[in-house]
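Here is the structure we will look at.
Here, residue 1 is the first one in the sequence, and each next residue gets the next number. Atoms within each ligand, like the ligands themselves, are counted from 1 in listed order.
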Amino acid sequence: MCGIVGYIGTKKACPILLAGLSRLEYRGYDSAGISTIEKNGLSLVKDKGRVKILENNPAINTLEGTIGIAHTRWATHGKPSKENSHPHQDNSKIFSVVHNGIIENYQELRNMLEKNGYTFLSQTDTEVIPNLINYYYKKEQEHDIHAFLKAVRNCCLDLKGSFAIEVISSEFPKNMIVVRKDSPLVIGTCESEKYISSDIPAILSYTRDFYFLNDLEFALLENTNTTFFNSNLEEINKPTSNIEWDATASEKNGYEDFMLKEIYEQPTAIRETIGSKISLESKCDFEELELTKDYLESVNKIYIIACGTAMHAGLAGKNVIEKLCRIPVEVDIASEFRYRNPIVNEKTLCIFISQSGETADTIAALKLAKLCGSRTIAISNVIGSSITREADYSIYTHAGPEIAVASTKAYTSQVVLLNMLALYFAEILEIVDMDLINNIKKEMLLLPKKIEETFSCKNSIQEFAKKIYQEKDVFFLGRGIDETVAKEGSLKLKEISYIHSESYAAGELKHGPIALIENGITVISILMDSSLIEKTISNIQEVISRGAKTLVVTSHDCNTTMFDEVIKIPDTIPYLSPILSVIPLQLLAYYISKEKGLDVDKPRNLAKSVTVE
Ligand code: M6R
């Protein structure tokens with residue numbers, strides 16, 4: 001939700017900010033804007049629409065300043081318009097501010113400021129921030145850098161909600177202040193330049209050294225120096241972290257879209273996620289988790305909590321953990337978990353999954369689980385992300401940056417990592433036969449090659465996409481582990497093709513939804529689990545007899561004349577089958593979106609990282 005970028009250094013800020021915005025555009029794309037410190041004060045150029053529109057604004061070419069802030073918006077308060085675009089300024093135009101997050105008490109603050117003579121140009125929650133900074137700044141006797149810092153701090157203490165904020169001021173032409181609370185913000189550093197961004201990939205081509213701020217820590221930036229303060233404005237030390245991601249990983253590298261590139265990166269993502277943790281010679285090693293046999297034996301329930309695709313990976317995780325470890329696993333949507341007074345205590349282990357590590361609902365659910373006394377493990381793809389800083393322990397998928405809004409390689413990497421975690425628990429608990437453990441490990445190591453083989457379905461999928469891209473409704477069916485993949489296939493189709501779709505446990509169809517099956521409707525089924533295949537085929541027969549068009553994704557030899565299209569993929573054990581069976585569904589959603597001429601990487605109304613509740 002919204003991308004913010006900032007630069008302070010020796011070069012012209014504008015081109016760097018625009019490049020950053022283009023890379024962050026997947027976070028929001030309904031308007032964009034920029035403010036720099038120029039010789040005659042603060043510049044402000046902003047407009048409704050994509051970053052391209054901002055780039056083509058003639059005023060952009062006049063910006064010479066070496067310090068600036070910029071924003072790409074995903075509207076929360078106020079429709080997309082020039083007035084509602086960021087940056088926002090205070091009434092005296094001393095401060096320019098960009099903000100990602102939501103100010104929940106903005107109306108109250110706005111009323112207070114209006115009573116004090118301030119006026120507002122936009123309907124946004126953000127516009128209270130520069131005015132509130134101005135309000136506190138004016139109260140200071142001395143207008144020095146400390147007064148600037150104090151005004152920003154006082155403003156932030158008044159804000160309820162989430163925010164990542166960058167502030168520049170015409171009165172402090174060599175500085176920028178940044179702060180965050182429950183919204184992402186990273187600071188990239190090199191000798192005489194500082195780069196600020198909502199996420200790492202947008203600035204990875206400039207530096208690999210990053211500072212991560214905790215909630216309500218303030219960074220006062222100059223081009224050669226960064227000073228950090230806590231909320232009492234006491235100076236604090238912060239280490240830098242070196243990020244190993246390759247800068248080219250955040251480029252399209254010849255692919256038409258990031259989503260297609262990321263689908264094809266899955267063999268590498270899985271290989272990297274497995275790393276050296278899985279081998280037939282030794283036990284699966286997650287020593288960073290420090291879990292003992294006594295502790296695991298005391299756990300009476302595991303919760304897996306996440307949103308969207310990450311939650312679907314959690315469903316695959318439940319399947320393998322329950323089967324191998326015989327501990328009940330409940331999978332919950334983070335936004336629901338938080339509000340239903342969940343039964344969580346010191347005997348509950350809570351696992352939180354988030355590709356970005358910045359999803360507001362997941363972070364809030366994690367804080368709640370900690371308060372209830374549960375141990376918490378974060379699974380994320382982003383080192384230093386908020387969720388990893390909140391959790392007791394963190395483990396990582398190594399999928400590399402995922403830029404497309406539709407998650408693909410993160411999902412398959414999460415499923416692999418959950419299988420690895422299940423193996424690790426099972427080996428500690430010593431309750432599973434070594435032959436089964438070794439078989440899972442062997443199959444896991446074969447996955448990258450089998451994913452490559454699965455890509456050979458591309459042409460058939462592309463042809464099928466041409467046949468169904470104008471459909472209004474599509475159904476996905478599966479049983480057991482295959483149902484979890486049906487859910488993911490359905491979500492992928494909805495979000496990037498805008499086709500309404502539903503996923504059902506195949507056996508549940510006859511309890512109501514079959515009423516929706518009519519002549520010509522498309523039903524896509526996943527048939528990987530051999531123990532359930534006959535049952536699911538019977539359910540498919542039921543929709544065929546009501547006129548449905550059928551596509552089947554399977555590793556088994558099916559009667560191909562029964563179905564309209566059979567996508568044959570390599571076989572593996574059921575625990576790992578989602579990693580292969582989801583690939584045709586990812587490709588199908590992709591090619592349908594292309595047939596419809598849609599923006600695959602930036603679907604309407606969505607943003608990659610959902611940092612608002
Ligand atoms: O970054 P996270 O894994 O926490 O994101 C969770 C969901 O917002 C995300 O998976 C979303 O459902 C994707 N757009 C699905 O493709």
Notebook entry, point to check: Is there a donor in the side chain of Glu483 and an acceptor in the side chain of Ser503, or the other way round, less than 3.5 Å apart?
Noted result: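 Result is no, nothing qualifies.
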Next item on the list: Report yes or no: do Ser386 and Glu358 form a side-chain donor-acceptor pair below 3.5 Å?
Entry: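 Yes - a donor-acceptor pair under 3.5 Å links their side chains.
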Check: Which residues satisfy the ring pair (Phe, Tyr, Trp, His ring centres under 6.0 Å) test with Tyr575, sequence neighbours excluded?
Finding: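 Ring pair (Phe, Tyr, Trp, His ring centres under 6.0 Å) check on Tyr575 returns nothing, list empty.
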Notebook entry, point to check: Residues two or more places apart in sequence or in another chain: which of them pass side chain to side chain donor-acceptor pair (under 3.5 Å) with Thr348?
Noted result: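 Here the qualifying residues are Asn345.
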Margin query: Applying side-chain contact (heavy atoms from CB on, under 4.5 Å), can you list everything that pairs with Ser31, at least two apart in sequence or on another chain?
Written below: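 In terms of side-chain contact (heavy atoms from CB on, under 4.5 Å), with neighbours along the sequence ignored, Ser31 is linked to Arg73, Ser85.
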Next item on the list: Give me the ring orientation class for Tyr424 and Phe286: parallel if the planes are under 30° apart, tilted from 30 to 60°, perpendicular past 60°.
Entry: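 Perpendicular, since the angle between the ring planes exceeds 60°.
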Margin query: Can you list every protein residue that has a heavy atom under 4.0 Å from any atom of ligand 1, sorted by chain and residue number?
Written below: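 These residues qualify: Cys307, Gly308, Thr309, Ala310, Ser354, Gln355, Ser356, Thr359, Val405, Ala406, Ser407, Leu491, Lys492, Glu495, Val610.
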